[in-house]
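Just so it is clear, the model here is predicted, and its values are computed rather than measured. Just the heavy atoms: all of them, side chains too, but no hydrogens, waters or symmetry mates, feed the values below. To find a chain, count down the sequence lines: A is the first, B the second, and so on, and within it residues start at 1.
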Protein chains: 4
Amino acid sequence: MSEETKPRRRQARGERRIAQLLQAAANVFCAYGYTATSTNAIAREASVSPGTLYQYFPNKEAIAIELGERLLNEMREAHGQAFTPANLGLPLPELLDVVVDPMIAFNCEHPVFLALMHGSDVPGRIAEEHDALHANLLNRVQEVIAHYAPELSVEDRTRIADMTFAIFKGGLQLILAAPEGAERDAAITELKTVLLRYLSPLTGEPLTTLPNR
Amino acid sequence: MSEETKPRRRQARGERRIAQLLQAAANVFCAYGYTATSTNAIAREASVSPGTLYQYFPNKEAIAIELGERLLNEMREAHGQAFTPANLGLPLPELLDVVVDPMIAFNCEHPVFLALMHGSDVPGRIAEEHDALHANLLNRVQEVIAHYAPELSVEDRTRIADMTFAIFKGGLQLILAAPEGAERDAAITELKTVLLRYLSPLTGEPLTTLPNR
Amino acid sequence: MSEETKPRRRQARGERRIAQLLQAAANVFCAYGYTATSTNAIAREASVSPGTLYQYFPNKEAIAIELGERLLNEMREAHGQAFTPANLGLPLPELLDVVVDPMIAFNCEHPVFLALMHGSDVPGRIAEEHDALHANLLNRVQEVIAHYAPELSVEDRTRIADMTFAIFKGGLQLILAAPEGAERDAAITELKTVLLRYLSPLTGEPLTTLPNR
Amino acid sequence: MSEETKPRRRQARGERRIAQLLQAAANVFCAYGYTATSTNAIAREASVSPGTLYQYFPNKEAIAIELGERLLNEMREAHGQAFTPANLGLPLPELLDVVVDPMIAFNCEHPVFLALMHGSDVPGRIAEEHDALHANLLNRVQEVIAHYAPELSVEDRTRIADMTFAIFKGGLQLILAAPEGAERDAAITELKTVLLRYLSPLTGEPLTTLPNR
DNA sequence: GATGAATGAGGATTCATTCAT
DNA sequence: TATGAATGAATCCTCATTCAT
């Protein structure tokens, strides 16, 4: 028993440490950005010595990468089912709710995600990570678009997906900047409005003219 | 004459140096972000010794600030007249052209601008600069919105301006990422489409249903 | 136990490091003066990396300040009892022995002290430190003088104390410059002779004409 | 004529420049010490470009050396005649006046002198200069002592001369620190008192007991 | 595993000195 | 000669990373 239990416990402890470190890293990255964050600061935030940090990560970049991967997985796990066949059949407004809401919720819970995503300062391999994530998300958006407007050329579809995503990221920043509560809710609604107005012409259905407010 | 020519020449040389250094800084900031950029790297990019850099700027921050100010001035000079009373009278699509095109052109010519603007990593006084600029631009957008939809509450107007600006920044990144040529032009058109669809309901006029392409 | 022993050991090591660094600083300050001493030189003298130095001191000034404080304390501890009421009752020659000898011994052991004291080059806060010490010592000298010649005006007393101290510092330099042994001893005697001849008229007692040698 | 006049004028101009630079150097050395003084600061104080400074001096050290030499010469010229046979015959109090007064006057006019003399921070060759000067002055003092007390051993004479000089330097600092006027005069008198009391036993004559004030 | 001291290369900045004008 | 811009080695100091305990 002890041959298995003990290691397992070790691993469990290790996992806790890693989670703790990643959480700390997330906090500090959020506050100061990747480049300006020192590994010592992360260790301090995690109430851990620098040596311990390096027992779990080979270097600073690895922390950001692992953090990104975990966030990505969590996002997939929690909200991956948004793009189900069933949902694809929904009218656009409903689809937007189904897809956008969990994304926003996730980002509100994990503001590092956005910080890492558009971090103009992240170097090399981290950026690649982001690109991978980016491509992945874009693919999904493209699928949705393809479903609503199958006649579009690949280029058009790509461009629309890119723009949709860009809008989403821009709106997300606004939402995160807004204080929680009515203001943030209004920002969320606004983002949906933008997306709806932008995308509804794709559906063929008329845009049962919503007044602006 | 030589009492005047020489200093003038000196000053000219100094101005050239400053321009050269700022250009170098712009390049390196673009590539690596403000924080990750070393003054030595800037000097190297400018083919100049570190000492020379410090003959013209007291520190790294000052470079970014001066760069920001120059860009801002240039932007004002070149495109400040976009928001004239005459233009405010234009129908939305034309207004978008008049306002958005020069902004895009400017940013294509000076990609640092965006890099500095949304630099999640810029500290202290630089961030203030940006905030000032940001506020300034938002004000103008609000004025336009107020002109088209005077009945909106301040909150609504603010939110719409914020969102418009966010969309613009998002689109801009897309545009800058696109290779010059047809692709970039398409991206530009797409951004205008988004803005038009988002904002036209404000004007009261029906959105003479543009098909998506 | 290990919860206490380890930190204690750590602290002990830290204290040793600090002592080592201060000793190194003392050496280099002595040799080149405060301003001309680089932190890297101190680290090198201490056979330590620059980073280590900065783990214990925030900057060069702090090293000099801490060094000064420690010396001061040590001086107080070791020789503070020189100015006791009992001693004040002694005849001048004995008083000089009691007061001057330990001072000289201390300065022979810690030549930095003098280096820092009269450092014409020390800036800012260090100079303040020195002034405080200076004032303190002067006060004591004044007290002694007041004891021997209570009728003196404050101005006279101050001036005599200043001069006594100046003579002492000048003699000290001579003493430190002399090679240990007979020569140094002779220098010490000489300093006492000066002080005695200078101050004995204050005591009223006749100066039972000592021949010069 | 022009073959001679022009060069002479040039030389005259050069001399003026040098004097101007040395004066500037003196000022800045006084204020900040040798090490902390930058050549640029000297040039600025002299209202001259750094290049010009280096047209007249090969490096920073040379400035200090030249300054020292000039001061030394000036001192010799102005006050060298203090040690004349005639003066050596004077009773000690008068001799002190004759010798000490011009020295003090000189140092009051040229406070750099002292600054350079005891500069704990001056490097290499400058210190040698000082040593030369030092030796020179000490010799003179020894001569005087030998005149008053011919029976003293060389060692005794040397020591007394050293001490006399040390006292003098210490007193000088006090004098320079005192504000011009009554206070400075009192300090001067005090210094003479010290020297008189210290040296009069050498003369054999009784010290017609001066009260301390 | 955990600790935190130690390392040393690197970054910002200064300054003695040189050089084109 | 005078200028002041240019240089680059040297400072002070930080931080990613390693290592003895």
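Across Asn59(B) and Tyr54(B), no two heavy atoms sit closer than the pair CA-CE2, 3.9 Å. Counting all heavy atoms, side chain and backbone alike, Ala43(A) lies closest to Leu53(A) at N-CD1, 3.9 Å. Across all their heavy atoms, Ala24(C) and Ile42(C) have their closest contact at CB-O, 3.7 Å. In terms of heavy-atom proximity, Ile63(B) sits nearest to Ala25(B) at CG2-CB, 3.6 Å. The shortest heavy-atom contact between Phe29(A) and Leu67(A) is CD1-CD2, 3.8 Å. Residue Tyr56(B) comes nearest to Leu21(B) through the heavy atom pair CD1-CD1, 4.0 Å, listed as atom of the first residue, atom of the second, then distance.
Interface residues of residues 55-65 of chain B facing DNA chain F, ordered by number: Gln55(B), Tyr56(B); criterion, heavy-atom separation under 4.0 Å. Against DNA chain E, the stretch residues 40-54 of chain A makes heavy-atom approaches under 4.0 Å through Ser49(A), Pro50(A), Gly51(A), Thr52(A).
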Strand DNA chain E as a dot-bracket string - pairs counted if Watson-Crick or G-U with both distances under 3.5 Å, | where the partner lies in another strand: .||||||||||||||||||||
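Ala36(A) pairs by the side-chain contact (heavy atoms from CB on, under 4.5 Å) definition with Tyr32(A), Thr35(B), not counting sequence neighbours.
Between Thr39(B) and dA12(E), a side-chain N or O to OP1/OP2 separation shorter than 4.0 Å is present. A sub-4.0 Å separation between OP1 or OP2 of dA20(F) and a side-chain N or O of Arg13(C) is absent. In terms of phosphate contacts, Arg16(B) brings no side-chain nitrogen or oxygen within less than 4.0 Å of OP1 or OP2 of dA5(F).
Applying the salt bridge (charged side-chain N to carboxylate O under 4.0 Å, His left out) definition to pairs two or more places apart or across chains, those involving residues 58-72 of chain B are Glu15(B)-Arg70(B), Glu66(B)-Arg70(B). The list of side-chain hydrogen bond (donor to acceptor under 3.5 Å, both in side chains) pairs with a residue in residues 36-48 of chain A, not counting sequence neighbours, reads Asn27(A)-Glu45(A).
Thr35(A) comes within 4.0 angstrom of nothing in the nucleic acid, heavy atoms only. Counting non-hydrogen atoms under 4.0 angstrom, Ser38(C) reaches the backbone sugars and phosphates but no base.
A heavy-atom distance below 4.5 Å is not found between the side chains of Val28(C) and Tyr34(C). For the pair Gln55(D) and Arg17(D), the minimum side-chain heavy-atom distance is 4.5 Å or more.
Nucleotide dG4(F) holds its C1' atom 13 Å from the CZ atom of Arg17(B), rounded to whole Å. In this structure, the OH atom of Tyr34(A) is 10 Å from the C1' atom of dA16(F), given to the nearest Å.
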